[in-house]
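A short worksheet on the structure shown next.
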Amino acid sequence: MTDLSGRRAVVTGGASGIGEACARAFAAAGARVVIADLNGEVAERVAAELGGEAWQVDLADTAALADLELEADILVNNAGIQHVRPIEEFEPERFSLILRLMLESPFLLIRAALPGMYARGFGRVINISSVHGIRASPFKSAYVSAKHGLEGLSKVTALEGGPHGVTSNCINPGYVRTPLVEKQVADQARVHGIPESEVLPKVMLTESSIKRLVEPAEVASLALWLAGPDAGMVTGASYTMDGGWSAR
Ligand SMILES: NC(=O)c1ccc[n+]([C@@H]2O[C@H](COP(=O)([O-])OP(=O)(O)OC[C@H]3O[C@@H](n4cnc5c(N)ncnc54)[C@H](O)[C@@H]3O)[C@@H](O)[C@H]2O)c1
């Protein structure tokens, strides 16, 4: 059993899906969790249930994060969105939004948390990347770009943080059963010209050797291990949980 008593864990996008599962796992291990999310109402509800705090924040508003100081022993950069369009139809403003939310804000939160982590000689940065951090798919230019960037940011954080007791790692899931995936089924059907019922077998699970979605709790169990003492020598790594997708 990983014991996170006395640790403060900030989980972005903690009101839903993978983030919520991470918050639940960390709270069950004794951490005090901070649910940072655009959806303040749900963040409040989840935080109250877990005895933690809610932080209502728009993480795409990067200007507001520039001078932030963040008290965190564990930081999970998880908040994210998807947008499925061919490059020639991809709205530039949407590309920029995704880069701000999924690459610039993790940088700003890490930047805000490191001084405290360095002072305490302990820190765990866990970046929820994706199989799209190491592989590409058509029609996801912004998402794939942001996740590839996050992989680089995570490694630089690992190199700078190591001497101060701070680790930084990525988790790279395949498709996970969350609202983010449910919301993209219609878009995938449209761009691929197939019925929605065929999106799972013909688009999402084609590359995976195991033909099912990942469960949020499975991702959270890996995040919990990365946050705990047994992973002290694990840094700069990227852990796939993709049913064999990236084995190809
Ligand atoms: N679901 C998957 O298949 C999958 C696979 C690999 C990686 N991921 C990654 O996991 C992370 C979480 O995805 P999920 O599937 O749990 O999604 P989700 O939609 O269930 O949850 C995302 C959360 O982020 C919050 N959020 C969105 N925009 C925000 C903003 N501007 N500021 C603050 N919070 C904001 C939402 O309110 C929501 O609570 C994302 O980074 C995603 O890229 C997901």
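The structure presented is a predicted model; accordingly, all values stated were derived computationally and were not measured. Ligands are counted one by one from 1 in listed order, and the atoms in each one are counted from 1 as well.
Of the options Met117, Arg8, Arg124, a side chain to side chain contact (heavy atoms under 4.5 Å, CB included) to Leu75 is made by Met117 and by none of the others.
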Worksheet item: Can you check side chain to side chain donor-acceptor pair (under 3.5 Å) on His83 and Glu91, steps first, answer last?
Response: CA-CA 10 Å; His83 191 60; Glu91 304 86 341; 2.8 Å; yes
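With a 4.5 Å cut-off on side-chain heavy atoms, Val199 and Ile194 count as touching. A heavy-atom distance below 4.5 Å is found between the side chains of Val125 and Asn127. Side chains of Leu101 and Ile81 form a contact here, defined as non-hydrogen atoms less than 4.5 Å apart. Residues Val191 and Pro86 meet the side-chain proximity criterion, which asks for heavy atoms closer than 4.5 Å.
Ligand 1 does not have Arg177 within reach: every non-hydrogen atom of the residue lies 4.0 Å or more from it. For Gly174, the closest heavy-atom approach to ligand 1 falls below 4.0 Å. Proximity of Ser105 to ligand 1 is not established, as no heavy-atom distance is less than 4.0 Å.
Taking every non-hydrogen atom of Val181 and a distance limit under 4.0 Å, the qualifying atoms of ligand 1 come out as 1 (N), 2 (C), 3 (O). Within ligand 1, the atoms closer than 4.0 Å to a non-hydrogen atom of Tyr143 are 6 (C), 7 (C), 8 (N), 9 (C), 42 (C), 43 (O), 44 (C), numbered from 1 in the order shown. Within ligand 1, counting atoms from 1 as listed, the ones closer than 4.0 Å to a heavy atom of Ile18 are 8 (N), 10 (O), 16 (O), 44 (C).
Among Ala15, Ala60, Gly17, Gly80, the residue whose heavy atom lies closest to atom 22 (C) of ligand 1 is Gly80. In the candidate list Gly133, Gly14, Ser16, Ser16 is nearest to atom 21 (O) of ligand 1, counting heavy atoms. Distances from atom 15 (O) of ligand 1 to the heavy atoms of Ile98, Thr178, Val42 show the closest one on Thr178. Considering Leu150, Asn172, Asn78, Asp58 only, the shortest heavy-atom separation from atom 12 (C) of ligand 1 involves Asn78.
The nearest heavy-atom contact from the protein to atom 34 (N) of ligand 1 is Leu38 N, 3.1 Å. For atom 2 (C) of ligand 1, the closest non-hydrogen atom of the protein is Val176 N, 3.3 Å. Regarding atom 39 (O) of ligand 1, its nearest protein heavy-atom neighbour is Asp37 OD2, 2.6 Å. The nearest protein atom to atom 27 (C) of ligand 1, hydrogens excluded, is given as Ile81 CG2, 4.0 Å; this is a heavy-atom distance. Ranking protein heavy atoms by distance to atom 17 (O) of ligand 1, first place goes to Leu180 CB, 3.3 Å. Scanning the protein for heavy atoms near atom 24 (O) of ligand 1, the closest one is Gly13 CA, 3.5 Å.
Distance CD1/Ile35 to CG/Leu50: 5.5 Å, rounded to 0.5 Å. Interatomic distance, Lys155 NZ to Ser238 OG, rounded to the nearest 0.5 Å: 5.5 Å. Ile126 contributes atom CD1, which lies 10.0 Å from atom OG of Ser154 (distance to the nearest 0.5 angstrom). In this structure, CG on Leu222 lies 11.0 Å from CD1 on Ile18, to the nearest 0.5 angstrom. Note that OG1 of Thr240 is 9.0 Å distant from CZ of Arg135, once rounded to the nearest 0.5 Å.
The proximity of Ser129 to ligand 1, defined as any non-hydrogen pair under 4.0 Å, is limited to the backbone. At a 4.0 Å heavy-atom cut-off, ligand 1 touches Leu101 through the side chain alone. When non-hydrogen atoms are compared, ligand 1 lies under 4.0 Å from the backbone of Val57 (N, CA, C, O) but not from its side chain. The backbone and the side chain of Leu59 each have at least one atom closer than 4.0 Å to an atom of ligand 1 (non-hydrogen atoms only). Under 4.0 angstrom from ligand 1, there are no non-hydrogen atoms of Gln82.
By the 3.5 Å distance cut-off applied to N or O atoms, Gly19 is not counted among the residues near ligand 1.
Side-chain contact check for Lys202 and Gln188: no donor-acceptor pair (N or O, by modelled atom type) lies under 3.5 Å.
Residue pairs meeting the ring-ring contact (aromatic ring centres under 6.0 Å, His included) criterion with at least one member in residues 105-126, sequence neighbours excluded, are Tyr118-His164.
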